[in-house]
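Worksheet: one structure, shown below.
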2 protein chains.
Amino acid sequence: MEKDFIKIYNLIQELSWHFGAHGINGECCGDLSLVEYMALKKIEDSENITVQEIGNALNFTKSGASKIIDRLENKGYVTREISPENGRVCFVNTTAKGAEIASEIVKKYSAYVYEMLKEQDKAMVGNIEAVLKILVDSANGLENNLNGKFTQGGGKMTVFEMNS
Amino acid sequence: MEKDFIKIYNLIQELSWHFGAHGINGECCGDLSLVEYMALKKIEDSENITVQEIGNALNFTKSGASKIIDRLENKGYVTREISPENGRVCFVNTTAKGAEIASEIVKKYSAYVYEMLKEQDKAMVGNIEAVLKILVDSANGLENNLNGKFTQGGGKMTVFEMNS
DNA sequence: GAGCTATAGTTTCCAGTGTCAACTATTACA
DNA sequence: TGTAATAGTTGACACTGGAAACTATAGCTC
């Protein structure tokens with residue numbers, strides 16, 4: 001049983017590398033880095049998201065998030081707008097150009113995924129989607145742990161125990 | 001059908017972010033960055049791997065690979081050794097310390113994966129593993145395309161076509 | 001074997017990136 | 001009104017990986 005989880009972890013890590021910043025060959029798409037692209041996606045998904053929230057969602061400090069938004073703004077993909085309710089807060093939203101480039105990147109990589117999986121039958125495609133959903137949901141469920149006792153646990157190696 | 005692949009892509013991207021350099025909170029484990037860890041894994045998996053081969057495997061230039069190995073060597077996790085057959089070639093191998101830290105990291109994240117999936121029954125765990133294997137294998141199968149016509153295709157957005 | 005070319009690796013210079021700490025500006029509250 | 005808290009920005013800094021130049025070895029041709 002334990003070995004299964006090691007295998008699963010190694011597979012996830014390899015897949016993640018493939019779709020990560022270096023697996024995609026350093027550049028994500030056009031003039032966007034992977035980090036910028038992920039921020040753009042996040043901004044597109046949530047209306048009037050704040051700088052802080054983007055930082056929290058992507059695991060950046062607020063100053064890091066601010067600079068990522070700087071770059072996206074300079075490229076014309078997002079806008080900053082001071083909240084009418086609270087003058088300290090800054091709403092970030094995508095421009096039409098930003099939404100378009102994001103959708104192009106999604107299209108490009110979806111076509112890549114199609115190429116990966118085109119030999120699978122319809123049932124398996126559904127199964128793959130279901131499995132990924134389980135993985136993503138459960139990873140999001142542990143996010144608090146990951147940022148709390150897990151990663152910042154003072155360098156401790158093993159926090160979770162497998163009692164298999 | 002097309003929508004399925006978009007969903008699958010988005011799920012993969014989210015999972016990859018979670019297990020990528022920023023999802024794991026900037027630090028991978030102890031004194032290793034994700035890049036260093038992946039290189040260490042690769043070195044451990046293949047005896048007498050060369051600097052160039054590490055670079056190719058992880059999508060780095062040879063100068064980049066050389067520096068990553070520098071860091072691993074300075075930390076005492078790998079050794080360089082000139083090939084007896086060819087004085088230009090440099091064999092890289094893990095030290096006992098390097099192998100140990102790599103295995104500790106694997107253990108740590110496998111426990112994390114266990115925590116993610118502990119509510120799944122045995123059949124589903126097997127299914128998850130099978131699905132990930134399909135994804136990793138098919139991604140590796142397209143690797144040449146990804147580095148060839150796909151990513152370096154001169155900025156073209158869509159190279160693969162979905163004819164669904 | 002001298003000389004040219006190819007190959008493996010290293011090093012130098014450089015640009016990009018994210019963090020920390022200090023700062024501005026606004027809000028909340030006593 | 002004054003103090004603390006909050007959101008965001010900025011500047012200095014360290015780290016990282018790439019491009020190009022460089023060293024050193026190997027292979028090949030004459």
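Just so we're on the same page: letters track the sequence lines, and every chain starts at 1.
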Which atoms of nucleotides 1-3 of chain C (N or O only) lie under 3.5 Å from a protein N or O atom, and what are those distances?
none

(message) Would you say that B:N59 contacts A:W17 through its side chain, given a criterion of any heavy-atom pair below 4.5 Å between the two side chains?
(response) no

(request) Return yes if a side-chain donor-acceptor contact under 3.5 Å exists between A:Q120 and A:N127, otherwise no. (result) no

(message) Give the residues of residues 61-75 of chain A touching DNA chain C, defined as any heavy atom closer than 4.0 Å, sorted by residue number.
(response) A:T61, A:S63, A:G64, A:K67, A:I68, A:R71

(request) Provide the full list of ring pair (Phe, Tyr, Trp, His ring centres under 6.0 Å) pairs with a residue in residues 119-141 of chain B, sequence neighbours left out, each pair given once. (result) none

(request) Can you tell me the distance, in whole Å, between the CG atom of B:N56 and the C1' atom of C:dT7? (result) 13 Å

(request) Quickly work out the B:E53 CD to C:dT7 P distance and round it to whole Å. (result) 15 Å

(request) Flag the pair B:M38 / A:S16 as yes when at least one side-chain heavy-atom distance between them is below 4.5 Å, and no otherwise. (result) no

(message) So, using side chain to side chain donor-acceptor pair (under 3.5 Å) as the criterion, who are the partners of B:D137 when residues are at least two apart?
(response) B:K133

(request) Name all residues meeting the side chain to side chain donor-acceptor pair (under 3.5 Å) criterion together with A:T94; count only those two or more places apart in sequence or in a different chain, and write none if there are none. (result) none

(message) Any base atoms under 4.0 Å from A:E36, or only sugar-phosphate, or nothing? Heavy atoms, all strands.
(response) sugar-phosphate

(message) Without decimals, in angstroms, what is the distance between B:Q52 CD and C:dA8 P?
(response) 5 Å

(message) From CG of A:L32 over to C1' of C:dG16, roughly how many Å is that when rounded to an integer?
(response) 14 Å

(request) Give me the other members of the hydrophobic cluster that A:F91 sits in, counting Ile, Leu, Val, Met, Phe, Trp and Tyr linked by side-chain heavy atoms under 4.5 Å, directly or via other members. (result) A:V89

(message) A:E36: which residues meet the salt bridge (charged side-chain N to carboxylate O under 4.0 Å, His left out) condition with it, sequence neighbours left out?
(response) A:R71, A:K75

(message) Side chains of B:L117 and A:L135, heavy atoms from C-beta outward: is any pair under 4.5 Å?
(response) yes

(request) Identify, residue by residue, the members of residues 76-84 of chain A with a heavy atom below 4.0 Å from DNA chain C, and return them in order of residue number, or none. (result) none

(request) Quick one: list whatever passes side-chain contact (heavy atoms from CB on, under 4.5 Å) with A:T79, sequence neighbours left out. (result) A:N93, A:T95

(message) Reading DNA chain D from 5' to 3', where do the contacts with chain A start and stop? Cut-off is 4.0 Å to heavy atoms.
(response) D:dA5 to D:dG17

(message) Per the ring pair (Phe, Tyr, Trp, His ring centres under 6.0 Å) rule, what does the pair list look like for residues 52-80 of chain B, sequence neighbours excluded?
(response) A:H22-B:F60

(request) Answer yes if B:I82 and B:I69 sit in the same cluster of Ile, Leu, Val, Met, Phe, Trp and Tyr residues linked by side chain heavy atoms under 4.5 Å apart, and no otherwise. (result) no

(message) I'd like to check the side-chain contact (heavy atoms from CB on, under 4.5 Å) partners of A:E129; sequence neighbours left out, ordered by chain and number.
(response) B:D4, B:K7, B:I8, B:L11

(message) Which nucleotide wins on minimum distance to the side chain of B:C90, given the candidates C:dT27, C:dT10, C:dG18?
(response) C:dT10

